[in-house]
Amino acid sequence: MELHWWKAVFVALALLLNITGLLAQTECGKAPFNTKIVGGNSADSGAWPWQVSIQYSRGHFCGGSLINNNWILSAAHCFQSSQTSSPSALTVYLGLSSLQTVNSNTQRMSVRQIINHPSYVSITNDNDIALLELSTSVTFTDYVQPVCLAASGSTLGAGTLVWVTGWGNINTDVSLPSPKNLQEVEVPIVSNTKCASSYGTITNNMLCAGLSEGGKDSCQGDSGGPLVIKQSAGWTQAGVVSFGNGCAKPNFPGVYARVSEYQSWINSKISSSQPGYVSVTTSSGSKIFSFSLSLSLCIIPFLLSLYIL
């Protein structure tokens, strides 16, 4: 195959731009200060840099996660009331550790629009997912970073350990005050079949996580927040806190919106700087993972070989 030198340069530049774009897309899931974590305790400052607090006139009411410099992923049920359904009523806080203290790492953002999933069903909480577009772009720092999202087709086997974070209640008795410091807890994935034996209907758009004996769970106020899994290259969000029967009850795991079911919908709403997606597959608690980027990188030597020929 014969190519003029200028065509070879053009091909090389195109490949370089493509690689750069792919790498930028997967710059997510980094938590510089998350060196060690202990379940059920207050999180260290900066340990979960994608975690956001969504607030209205009465303070914090739901969590969310930063997925790029302009968009927050949360739960649709958070924005159904007259008090929280208007973007102008909401404020998003990033870089927070304590709800009582706004520090130099905190970024305060207004909301341009709320996009609830069009097929959200309040009775069953199916498709309990929403996007918030921020009015201005955030500035990425060690304390404010986007999380990667589980790509379409990802699966998490029963027993896989995941982490949930939020400022929600730490007791089934919701009359008790919620914690002011961000909480973190590690729980295992529960199969949808086992989960359905407790709840009745669990759709493919949901995933469950919790201990059979109870004691660890998300709770009121954690809604919309992230369920994430650690991989060698970073953290990936697999779930959005949705609902449960009380909090941390035996045989009633927390139920989450399954993020991997919504890649196409999310991408259809975000026109530029789309989130980074990671394909995650786990079985019986073991972690087997791959980046979507890897296939793109593997094809580059093949293309270059065509030029050499």
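Side-chain atoms are counted along with the backbone in the values below, which use heavy atoms only and exclude waters and symmetry mates.
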dist Y120:OH -> Q80:CD (nearest 0.5 Å) comes out at 5.0 Å
For the residue pair Y262 and H117, categorise the inter-ring angle as parallel (less than 30°), tilted (30 to 60°) or perpendicular (more than 60°). perpendicular
Considering residues at least two apart in sequence or located in another chain, which fulfil the side chain to side chain contact (heavy atoms under 4.5 Å, CB included) criterion with S135? S110, R112
Per the salt bridge (charged side-chain N to carboxylate O under 4.0 Å, His left out) rule, what does the pair list look like for residues 257-272, sequence neighbours excluded? none
For a side chain to side chain contact (heavy atoms under 4.5 Å, CB included) check, start with the C-alpha distance between I67 and L149, then their side-chain angles and the critical distance, and finish with the verdict. CA-CA 8 Å; I67 59 174; L149 299 181; 3.7 Å; yes
Approximate separation, where rounding is to 0.5 Å, of Q113 CD and E133 CD: 4.5 Å
Does the side chain of S191 come under 3.5 Å of the side chain of T193 through a donor N or O and an acceptor N or O? no
Distance col, row L66:CG vs L132:CG, nearest 0.5 angstrom, shows 11.5 Å
Closest approach of Y199 to I202 (non-hydrogen atoms, all atoms of both residues): CB-CD1, 4.0 Å
I need the T136 OG1 to R108 CZ distance, nearest 0.5 Å. 11.0 Å
Would you check if there is a donor-acceptor pair between the side chains of H77 and S122 at a distance under 3.5 Å? no
Hydrophobic clustering (ILVMFWY, side-chain heavy atoms < 4.5 Å, transitive) - are V52 and L96 grouped together? yes
Main-chain N/O of S97 paired with W167 side-chain donor or acceptor, under 3.5 Å: yes
Short side-chain to backbone donor-acceptor contact, T101 and N103, under 3.5 Å: no
Any residue meeting side chain to side chain contact (heavy atoms under 4.5 Å, CB included) with N267, in chain and number order, not counting sequence neighbours: Q263, Q274, P275, Y277
Shortest non-hydrogen separation from S85 to F79 and the atoms involved: CB-O, 3.4 Å
Side chains of Q107 and T139, heavy atoms from C-beta outward: is any pair under 4.5 Å? yes
Side-chain touch L161/V187, heavy atoms, less than 4.5 angstrom: no
Say whether S65 and Q237, considering side chains only, have a donor N or O and an acceptor N or O under 3.5 Å apart. yes
Looking only at heavy atoms, which two atoms of I270 and S273 are closest? And how far apart? CG2-O, 4.2 Å
Check for me, please, whether I54 and V240 land in the same ILVMFWY cluster - side-chain distances under 4.5 Å, paths through other members count. yes
Please find the pair of heavy atoms, one from V138 and one from M109, that lie closest to each other, and give the distance. CA-CE, 3.6 Å
Residues in side-chain hydrogen bond (donor to acceptor under 3.5 Å, both in side chains) contact with S264, at least two apart in sequence or another chain: none
Closer than 3.5 angstrom, by distance alone: can the side chain of S154 be matched with the main-chain N or O of A150 as a donor-acceptor pair? no
Give the minimum heavy-atom separation between P188 and L211, together with the two atoms involved. CD-CD2, 3.6 Å
Donor-acceptor pair, side chain of T160 and main chain of T282, under 3.5 angstrom: no
Do the side chains of T141 and N105 get nearer than 4.5 Å, heavy atoms only? no
Applying side chain to side chain contact (heavy atoms under 4.5 Å, CB included), run through V162 and L156 and close with a yes or a no. CA-CA 10 Å; V162 293; L156 278 74; 3.8 Å; yes
Below 30° counts as parallel, above 60° as perpendicular, anything between as tilted: where do the rings of F61 and Y56 land? perpendicular
Can you list everything that forms a side chain to side chain contact (heavy atoms under 4.5 Å, CB included) with N70? Sequence neighbours excluded, please. N68, S137
Can you classify the ring geometry of W235 versus W50 as parallel (below 30°), tilted (30 to 60°) or perpendicular (above 60°)? tilted
Criterion side chain to side chain contact (heavy atoms under 4.5 Å, CB included) on I266 and L73, from CA distance to verdict: CA-CA 9 Å; I266 292 170; L73 185 66; 4.2 Å; yes
Side-chain heavy-atom pair C62, S223 within 4.5 angstrom cut-off: yes
Under 3.5 Å donor-acceptor, D126 side chain and V121 backbone: no
Heavy-atom pair of closest approach, residues S98 and N181: CB-OD1, 3.3 Å
In this structure, CG of D128 is separated from CG of N205 (nearest 0.5 Å) by 10.5 Å
Q51 and side chain to side chain contact (heavy atoms under 4.5 Å, CB included): which single residue from L94, V228, V144, L182 fits? L182
Does W48 share a hydrophobic cluster with F140, counting links as ILVMFWY side-chain heavy atoms below 4.5 Å and allowing steps through other members? yes
dist L90:CG -> Q83:CD (nearest 0.5 Å) comes out at 11.0 Å
Residue pair V241, V164: steps toward the side chain to side chain contact (heavy atoms under 4.5 Å, CB included) verdict: CA-CA 8 Å; V241 178; V164 186; 3.9 Å; yes
Report yes or no: does S74 contribute a side-chain atom to a donor-acceptor pair with the main-chain N or O of G63 at less than 3.5 Å? yes
Looking only at atom types and distance, does a side-chain atom of N192 sit under 3.5 Å from a main-chain N or O of M206, one as donor and one as acceptor? yes
Could you tell me whether a side-chain N or O of T236 sits under 3.5 Å from a main-chain N or O of V278, the two making a donor and an acceptor? no
Residues in side-chain hydrogen bond (donor to acceptor under 3.5 Å, both in side chains) with S119, at least two apart? none
